[in-house]
Structure formats: C-alpha cells, structure tokens
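Basis for what follows: all heavy atoms, side chains included, without hydrogens, waters or symmetry-related copies. The sequence lines fix the lettering, A, B, ..., with proteins before strands; numbering per chain opens at 1.
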Amino acid sequence: MSEIYNHREVETKWQKIWDDEQAFATSEDYSKPKYFALVEFPYPSGQGLHVGHPRPYTAMDIVSRKRRMQGYNVLFPMGWDAFGLPTENYAIKNQIHPKIVTKNNVNRFKEQLHSLGYSFDWNREINTTDPEYYKWTQWIFLQLFKKGLAYKTEMPINWCTSCKVGLANEEVVNGVCERCGSEVVRKVKSQWMLKITEYAEKLIQGLDTVDYVEKIAVSQKNWIGKSMGAEVDFSISGKEDKLRVYTTRCDTLFGATYMVVSPEHPILDKYKDEITNWAAVEEYREQAAKKSDFERSELAKDKTGVVIEGLKAVNPINEKEIPIFVSDYVLMSYGTGAIMAVPAHDERDWDFAKKFNLPIIEVVAGGKDVQEEVYTDVATGTLVNSGFLNGLSVEEAKKKMIEYLEEKGIGHAKTNYKLRDWVFSRQRYWGEPIPIVKCDKCGYVAIPESELPLELPEVESYMPTDTGESPLSTMTDWVNTTCPCCGGPAKRETDTMPQWAGSSWYFLRYTDPHNSEALASKEALEYWMPVDWYNGGMEHTTLHLLYSRFWHRFLYDQGVVPCPEPYKKRTSHGMILGSNGEKMSKSRGNVVNPDDIVREYGADTLRTYEMFIGAFDLSASWQDEGVKGCRRFLDRVWKLQDIMTEEESYSADLETKMHQTIKKVGSDFENLKFNTAIAAMMALINEFYKKNAVTKGEYKTLLTLLNPVAPHITEELWQIIGEEGRLYQQSWPEYEEAKTIESTVEIAVQINGKVKATLNIGKDDPKEDVIAKAKEVIADKLTGTIVKEIYVPGRLVNIVQK
RNA sequence: GCAGGAGUGGCGGAAUGGCAGACGCAUCAGACUCAAAAUCUGACGUAGGUGACUAUGUGUGGGUUCAAGUCCCAUCUCCUGCACCA
C-alpha cells in the first residue's frame, strides 16, 4: 500500500529540485524552435497574491510545459510592474520609502508564485522600477519626443481630487477615478502627451494581421472609433469666416436646417460683440463648463441650448440662411466642434429640433412621417428633396456629394477617430522621471541619452502638493540644471510617467533582460519576437494592450524591433468571483487567500481547481466543495500506484480510450478548454478503477498528460514507479488517429427522429446491414410506410415513416 | 441606444445539426466501522407506472430539417464594454 499523499512534502521537494536543476531556464540556443508565452506581470500590491492571479498563470504554465515537452525552446518569464499609486500612498502613510515597500511586496509575491510551482524563468525577472530597466523606458520616450510624438500642451485634463493626479480618458470610469473612486473634475494643466492618434489607422489595420479573440479586436476597433465622412464649410452671413463642420451624412446636406456649435467653440468669443443676446450665450456657456463630461452625457436625454442672435449661417448647397445654436450636445473634442443639424435623419438633432420648434425636412424617403419619427436607416432609404441627389441610395448620394463638394471647393472627404492623444504626465513621485529639461531659450530639450537613466532623487516627502505639482518640484537642487543645448540655466521636468509606461514594452526586455547597450539585442528580438501567445485580462483591452501595440509599432517604424505587431495571439480569462457570485473584496468578506488553499490542499489542487472551475474566458465563482473534489481526484491519481501492473503497453480494452484521451487533452489545452481536459482525465481514471488495474504504460501516459496541470504530484509518482529521469523532460504523448475510433459502437435507432432502441455494430459494417439490423430491433414499431432511411455512421439510424 | 457574450438538473458546468445533462459538487441508499469521518459501490431532470417502460424537457413564441440546446426570424432577461463621437 502506498503512503498517504503528503502534498507539503512533495511540493517543497520538487520546487527545490527544479530550482537546483534550473529546470525551466530558457535556452540561449537560437537554433531550436522557439515559443514565447506571456502573462501580464502583476502589480506587487501590499495584499499579496489574489486567488484570481493563478488562473491565467496556470493556463499559460500549462501551455509552456506542454511546449517544452514538444521540443520547443520556451520563454515564459515573470516580472513586476511596480511603479504606481498604491505603493506611493502606502509609503506616504507609513513613512517608508516606496523602494522598500516595493521590495517587500515583490518578495512576498515571488514566494507565493514559487509555492505554486510555476515554470517561470526567474533568471529573466524584471522590475519596472529598476533604473537599469527604466533607463530604456526613458529612452523610448526620448525617441517619441525626437519624432514629435511626445509634446507638451495646456489642456483641460481629468483631475482626480483624491489622488491629486491627472488621469487619461481611459482611467476615468463613470465620471470617477478608476483607482480610488473619487470625483474627477476638469483642470487646465500643462501636460505631456503622446500622439497615439497618429497611429490610429495602423492600430486598426494591425488587428487584421493577428489572432485576437473576437471581443478584444472589436473593443479596440470601437475604442479607436474610425468614421468616414466629410468636412463642409458653411459661410457666416456677411462675414469672411467659415464655420466648418464634420459629418458622416453629407448626403443629407439639403436637409440641414440649423447649425450647432459647442460651448467652447472659438467663434463665440470672436463675434462676441455682434451676438445680440451675448448675456444668455455666456450664461449657458458657464453652466456647461461647470458640468463634468459625465453629467453632460448623463443628461443626454434632455437637450439644452441657446440660439445665437445676430449671426446666421448659410447652407452652401442651397444658399438658405439658417440659425446657429450653442449646445453642449456638441463636443469641442470631436470633429470640428460644430455640426450641421439634419433633424429628419439624426436622433439628437431631431430631439433638439422638436424642443426648439425647428423645421424638419425629409431628404431620405423610406421611413415614417419625419415630423413624428426620426429616420436614420442608411441601408434602404432613397434621397428626395435633394436636387441632383434625388432617387439615389444613401451610399451613392454620399459619393456624389463628396465629388460635388470637392469640385466646388466647399468641402472634402475626411476620416475621424474617437481615439484621443494619451495624457502621459503624472504629478507624482513614484514613476519614471521624464528625461526633459525646460530652457527659457531653447524650450523643451531632451537630456542626452548618455545621461540615462535619469534616476529618481531621494525626497523628504512624497506628498503631492496642493498646487498639483509633483513632489519632485520641491527638490530645487535636482530641478535646477543646465540646458544640454545652450548650457544656460534650465529646469527639469518634475512630472513622472504614468504606470502604463513600463508595461508598454516589458515583453521586449524579457528577450534580453541584462543588456546594457540596448533595450534588447537585435538577435534576441529577431529570435523571440513576436510573443506567440499572450493571455491577460479583458480590462486591459483599451489601456495596456492598445498602448503597448502603439509603442511597439512605433519602435518597428524606427527599426528597433523586427515585427509590426508585438502579440501574435491574445486571449483573455474570466474573473474569479466570491462564492456569492460577487467580486471578491474585503468589505464583502468573500476573499479567498491562495496561501490557505496551498497549505491545506496543495498547489496542485489549487491549480487543478482553477482550471476545472469553468470555461476559461467566463467568470466563475469560488466553491470550497469544488476544491475538495479536485483534491479527491489527485488522491485517486496517487492511489493508482497500488493497482499498477508492470506492462509497458496499453491494455487491449483501454487502448482506444487512451488514444482518445491523449487527443482530447492535447487539443483542449490548445483551445483553453482546461475544464474538459481535466474531465477527460477524470473519466480515464474512472475506467482504471472500474477494472481495478492500470498498466504502467497507461499510468505513465496519464502522468504526462496531467503534468502541466499538477506538476508536483505527477513528478513524484514518476519517481515512485521507478522511471528514470524527470517527467518534465519527457516527450508529450503521441496518439494514432486510427486508434481513437472504437471497433464496435452503440448507435441509436430512431423512428421519425425519436430514439426507440440502441444497437451495437462494428465500425466497418456496411450501411445496408446496419439499416437491416436496425429495422429488426424496432420491427414491432414499424407500422407505417417507410419514406426515408438515414444512416449517420457511428451515430444513428433514423427511419422516417408515415 | 450601440457592440460583444450568456440563458441547459438542487449547484458548477458538458455536448463538429445526430442518443441532452460528460466530468465534478451536493443529496440519497448500500458496503466498511462499536460509531463517525475518510474510502468504496450504486441511484440521481420532471410527470406517470410495481416494472421492462411511456410522456415530457435546454428563457419565450414561430420557422427550416429525417433530426435543433446547436441554424433562421421575433421576443424577454442577465452580464461585459462603449456611449450626445455628428
């Protein structure tokens, strides 16, 4: 009889052996086929590892271990995305340097990850807060700056009142700070920006060349928000100035009955003196300025606005004079900040026109009465009341109108994107210093690359200042410097980079993590890039994933990296929720600590459970009973050693099952269907127990298949049954397609699609024989006229009778 | 509102258009035990029948098909993301 499975002993034993043997160190031999598997590196928070972390890590660990068994040189690295607000806030509260906080947290995380038996190559560990690392983050920033893609500008930014820091649009969720939940207001500040908009088109087109799960590609496309339309100039009666609008429906130009400008539109101030109701306009403008973007869209249903008296616009297509309104439903930040309103065919314009009693002219026929209901369908309508466009479809009319506009010089085709430039400044201490100085004579000047890394200086206090400046601004010794360009006095930039900076290129550093001459060597990049499979959270789709694609594409354009897209394949995992189906949180009291599970049931049980919990890409709620079930399964695998025979081959009655299982587990691992892969292995051991025997050959195959999921117990069993070498060094099992097919099968016999009996047949029995046998079995039920006989090989016979 | 996804036993969840509910959990019964736990064996959608069985069943209503959880049309609910983007 075997001893009881002692997970603590077994797991510590093998973790030590793997370390000593450098079992999972990546080979530098570039002649082997490579595989780069990537998981998102964690932010080492003070709370330690969350039970959600092991889900993606185990999944990619399984893929990595399988790839190694298949003969690939695998890069499966891990590191720390360690700059960020929580660490800084903790440092402020406890008067500890963030460097030390980070170090402690990293140690804790590393220990926890180690206890889970991941096959990370720890020789390639990276940390974004290491000056040797952020030297290259700063270097990339300087390249962007030199190409004019980093610029500083005065602009209203999203300002978190609690964190006292500017946020990117992507970091504002429902009008509050994504991180702390406090109110976000608008504040005008001078900010560093990255021109991601310049890459909008490339980022969309790149999506066609990679294998991302559908919803990720769709979200990115929607976020970039490409729309094709036209810009049209409307003249202002009696003025030189034109009022330019952007429209995607230039076909409806004949139906434009008024115009609307955004409250921030410069035309208002310019013609202030001629606007006869200026007081009313100004008051409206002030009210609008007070509302946050969130409030503006919250109140979306109710349109407000003021007509501008004293100014009139002229519709260039029919020379008709039309009124101009100011309304906050038009945004200054998209298009031109002014629109032509076609109330008959635009929902917002229709609402506004109804409220202000403006004329609604139908120019696309096909809907109901436009006085009663807006008609926005572009697929079926036909142009009317539109001069030379009459009778055309919407698509034809758009084309013809653009030709006309361009010919007359009053407009042109124009593509717009919703994507905005990336706000790249943070008024915080714990981030990468921006390597720029400001000189009164020369403006913003890059520091020489030879001076990188520009290290974070030690400061007295990390408290952000109330003026909104970074704590670095109080360090006069550091701030005052000389201009690298003219040698005169200059000041250093005191803003730091956002947390997204370090994670925008980290995968490149893994390929050559200790290089001091370049972010990575050409050879390493050529060999390892692109990442073959990157799994991460859905929440990073429009932030990290888009930002890193942007940086990578930029580096490709500069000849730094060898491929335009960083990730060949991207998948995402679902969240692990508390047992009540809610997100795990301290306040809800439903948090599960992975350490407890590892201690009580073992790392292999935790890994197996997290893979078995449900479909990988859907969220799943934690059930303690399910953990026990997985432990039971591993115990049963353990005890198979007691009924093992010494035969190396598969037993005759289980040969088919073995080949089927190898096939299923292998393909399920590739397709993120870990739950059904484990189910198949459970079903297999149920077969062994049913006949109370397992051959050594069968056992070895099972252990190999299970090894990527539960590496410790399988490695131990491999040794117990007397096998030479290590299990992790074995080859992945092969199967023969022909042997996955049963020699006899039970098929269903149906009448009119309803099952009436079952029948055992040989796999090669001819169709006629099978049908004849089937009819015998259900002879007493064949009362009508047979109209059709259907035979689906290996499945069923269906007799259709009337 | 738009986009993506989901709706299947008491629960988590399986099902290239081909025997719905694999696998696991819980529950019940039996074995082992003085007893319990653990372990092993078996039952386990619903309704009816002593029974082999019969009927019914994948959110709802239609349709296509020899055959629909799966495909098509409509509809309801839930989740996720985006949202006055002209």
Side-chain angles (χ1 to χ4, degrees), chain A residues 4 173-174 213-219 221-223 225-227 229 245-250 252 260 262 293 296-303 327-331 333-342 345-349 351-352 376 416-420 538-539 541-542 574-575 579 581 608-609 612-615 617-630 632-633 635-636 639 673 675-684 686 689-690 692 746-759 787-801:
Chain A
I4 278 184
V173 177
N174 289 342
V213 294
E214 172 84 1
K215 63 177 171 177
I216 297 174
V218 168
S219 303
K221 267 186 200 154
N222 289 346
W223 188 262
K226 181 177 182 173
S227 76
V245 302
Y246 176 70
T247 176
T248 54
R249 293 295 305 275
C250 63
T252 61
V260 187
S262 120
D293 268 7
R296 274 197 191 187
S297 53
E298 268 298 276
L299 302 169
K301 304 281 175 290
D302 194 24
K303 298 275 182 296
S327 171
D328 63 7
Y329 86 85
V330 176
L331 308 174
S333 51
Y334 183 80
T336 62
I339 60 154
M340 67 175 208
V342 185
H345 307 294
D346 181 281
E347 207 168 316
R348 294 150 302 176
D349 297 345
D351 289 345
F352 192 85
T376 57
N416 264 337
Y417 302 90
K418 290 184 200 171
L419 187 70
R420 307 292 152 78
M538 212 41 218
E539 69 274 21
T541 302
T542 53
M575 249 199 300
S579 53
T608 307
Y609 176 60
F612 188 62
I613 193 167
D617 59 332
L618 300 178
S619 55
S621 54
W622 186 272
Q623 306 295 339
D624 287 329
E625 296 305 325
V627 179
K628 285 182 198 162
C630 288
R632 204 171 291 160
F633 164 60
D635 280 332
R636 280 162 67 84
K639 283 184 289 190
K673 295 170 79 176
N675 52 340
T676 50
I678 292 169
M681 291 188 270
M682 288 172 168
L684 181 64
N686 288 347
Y689 277 106
K690 222 177 263 175
N692 205 31
E746 191 190 66
I747 63 164
V749 181
Q750 301 180 331
I751 296 176
N752 297 345
K754 302 252 177 201
V755 181
K756 296 295 170 187
T758 57
L759 181 65
V787 281
K788 208 168 181 179
E789 292 164 348
I790 291 147
Y791 174 50
V792 183
R795 295 283 187 180
L796 53 75
V797 170
N798 187 14
I799 309 293
V800 185
Q801 66 172 13

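- The minimum heavy-atom distance linking A/Val260 with A/Val330 is given by the pair CG1-CG2, 3.6 Å.
- A/Ala615 comes within contact range of the sugar-phosphate backbone alone, with a heavy-atom separation under 4.0 Å but no base atom that close.
- The distance from atom CE of A/Met681 to atom P of B/A22 is 19 Å, rounded to the nearest whole Å.
- Contact between the side-chain N/O atoms of A/Arg632 and the OP1/OP2 oxygens of B/A26 is found at a separation under 4.0 Å.
- Contact annotation: A/Tyr334 reaches the phosphate of B/A86 (side-chain N/O to OP1 or OP2, under 4.0 Å).
- The gap from the P atom of B/A31 to that of B/G17 amounts to 47 Å, rounded to the nearest Å.
- For B/C44 and B/C53, the P atoms lie 13 Å apart once the distance is rounded to whole Å.
- In this model, the phosphate group of B/U16 is not approached by any side-chain N or O of A/Arg795 to a distance below 4.0 Å at OP1 or OP2.
- Between A/Ile339 and A/Lys673, it is A/Lys673 whose nearest contact on RNA chain B lies nearer the 5' terminus.
- Between the C1' atoms of B/G13 and B/C23, the separation comes to 9 Å (whole Å).
- The side chain of A/Val800 lies closest to B/C66 when the candidates are B/C25, B/C66, B/A15.
- Residues A/Val245 and A/Ile339 come closest through the heavy atom pair CG1-C, 3.5 Å.
- Few gaps surround CD on A/Glu539; more than 12 heavy atoms of other groups in view lie less than 6.0 Å from it.
- Using a 4.0 Å heavy-atom cutoff across all strands shown, A/Glu789 reaches no nucleic acid atom at all.
- A close approach under 4.0 Å does occur between a side-chain nitrogen or oxygen of A/Arg636 and OP1 or OP2 of B/C40.
- Counting heavy atoms from C-beta outward, A/Lys628 and A/Asp624 have side chains that stay 4.5 Å or more apart.
- Note on A/Gly629: only backbone sugar-phosphate atoms sit closer than 4.0 angstrom, heavy atoms only; bases stay farther off.
- Across all strands shown, B/G45 is found opposite B/U56 as a Watson-Crick or G-U wobble partner, with both distances under 3.5 Å.
- Only the C1' atoms considered, B/A6 is 11 Å distant from B/G59, to the nearest whole Å.
- Distance CG (A/Asp346) to P (B/A86): 9 Å, rounded to an integer number of Å.
- The cationic group of A/Lys303 lies under 6.0 Å from the six-membered ring centre of A/Tyr329 and within 45° of the ring axis, placing it in a cation-pi geometry.
- Pairing for B/G9 is absent, judged as Watson-Crick or G-U wobble with the two contacts each under 3.5 Å.
- Of the candidate nucleotides B/C84, B/C19, B/C66, B/C84 has the atom nearest to the side chain of A/Asp328.
- Here the P atom of nucleotide B/G4 and the CG atom of A/Asn222 are 9 Å apart, to the nearest Å.
- Put simply, OG1 on A/Thr376 and NE2 on A/His345 are 9.5 Å apart, with the number rounded to the nearest 0.5 Å.
- Scanning all heavy atoms of the two residues, the minimum distance from A/Tyr609 to A/Gln623 falls at OH-N, 2.9 Å.
- Using Watson-Crick or G-U wobble geometry with both donor-acceptor distances under 3.5 Å, B/C2 finds its partner in B/G81.
- Going from atom NZ of A/Lys690 over to atom C1' of B/C40 covers 15 Å, rounded to whole Å.
- The same atom, P, is picked in B/C25 and in B/U33; the two are 25 Å apart, to the nearest Å.
- Taking the syn range as angles within 90° of 0, the glycosidic angle of B/G9 is syn.
- Here B/C25 presents its C1' atom at 15 Å from CZ of A/Phe633, a figure rounded to the nearest Å.
- At a threshold of 4.0 angstrom between heavy atoms, the contacts of A/Lys418 include nucleobase atoms, whether or not backbone atoms are also involved.
- Distance noted for atom C1' between B/G69 and B/A22: 15 Å (whole Å).
- Backbone-only contact: A/Val218 has heavy atoms under 4.0 Å from sugar-phosphate atoms and none from a base.
- Across all strands, A/Ile613 comes closer than 4.0 Å only to sugar-phosphate atoms, never to a base (heavy-atom distances).
- Between the A/Asn752 side chain and the A/Gln801 main chain, a donor and an acceptor come within less than 3.5 Å of each other.
- Going from the C1' atom of B/A14 to that of B/U58 covers 12 Å, rounded to whole Å.
- Residue A/Asn686 places at least one side-chain N or O closer than 4.0 Å to OP1 or OP2 of B/G24.
- Nearest to the side chain of A/Trp223, among B/G4, B/A83, B/U41, sits B/A83.
- Counting non-hydrogen atoms under 4.0 angstrom, A/Lys226 reaches nothing in the nucleic acid.
- The distance between atom CG of A/Asn692 and atom P of B/U39, rounded to the nearest whole Å, is 17 Å.
- Look at B/C71: its Watson-Crick or wobble partner, with both distances under 3.5 angstrom, is B/G63.
- With both pairing distances under 3.5 Å, B/C19 is matched to nothing as a Watson-Crick or G-U wobble pair.
- When all heavy atoms are compared, the tightest approach of A/Ile747 to A/Tyr791 is CD1-CE1, 4.4 Å.
- Between A/Asn675 and B/A14 there is a side-chain N or O to OP1 or OP2 distance below 4.0 Å.
- In a base pair of the Watson-Crick type (N1 to N3 plus N6-O4 or O6-N4) or a G-U wobble (N1-O2 and O6-N3), with each distance short of 3.5 Å, B/U33 is matched with no nucleotide.
- Comparing B/A22, B/C19, B/C25 by their closest approach to the side chain of A/Ala748 singles out B/C19.
- Of the candidate nucleotides B/A22, B/C66, B/U56, B/A22 has the atom nearest to the side chain of A/Thr676.
- Of all nucleotides present, none satisfies the Watson-Crick or G-U wobble test against B/G51 with each distance under 3.5 Å.
- In terms of heavy-atom proximity, A/Met340 sits nearest to A/Asp349 at O-OD2, 3.9 Å.
- Straight-line distance between the C1' atoms of B/C19 and B/C2: roughly 42 Å, to the nearest whole Å.
- Along RNA chain B, the nucleotide closest to A/Glu347 and the one closest to A/Gln623 are compared, and the more 5′ of them pairs with A/Glu347.
- Contact annotation for A/Thr248: backbone-only contact, meaning every heavy-atom pair under 4.0 Å involves sugar-phosphate atoms and none involves a base.
- Nucleic acid contact for A/Phe612: base, since at least one base atom lies under 4.0 Å from a heavy atom of the residue.
- B/A26 is unpaired under the Watson-Crick or G-U wobble criterion, no partner having all donor-acceptor distances under 3.5 Å.
- A/Ser227 comes within 4.0 angstrom of sugar-phosphate atoms only, judged by non-hydrogen atoms across all strands, and of no base.
- Look at A/Lys215 and you won't find any side-chain N or O under 4.0 angstrom from OP1 or OP2 of B/G4.
- At whole-Å resolution of the value, CD1 in A/Ile799 and P in B/C66 are 15 Å apart.
- In this structure, the OH atom of A/Tyr609 is 12 Å from the P atom of B/C25, given to the nearest Å.
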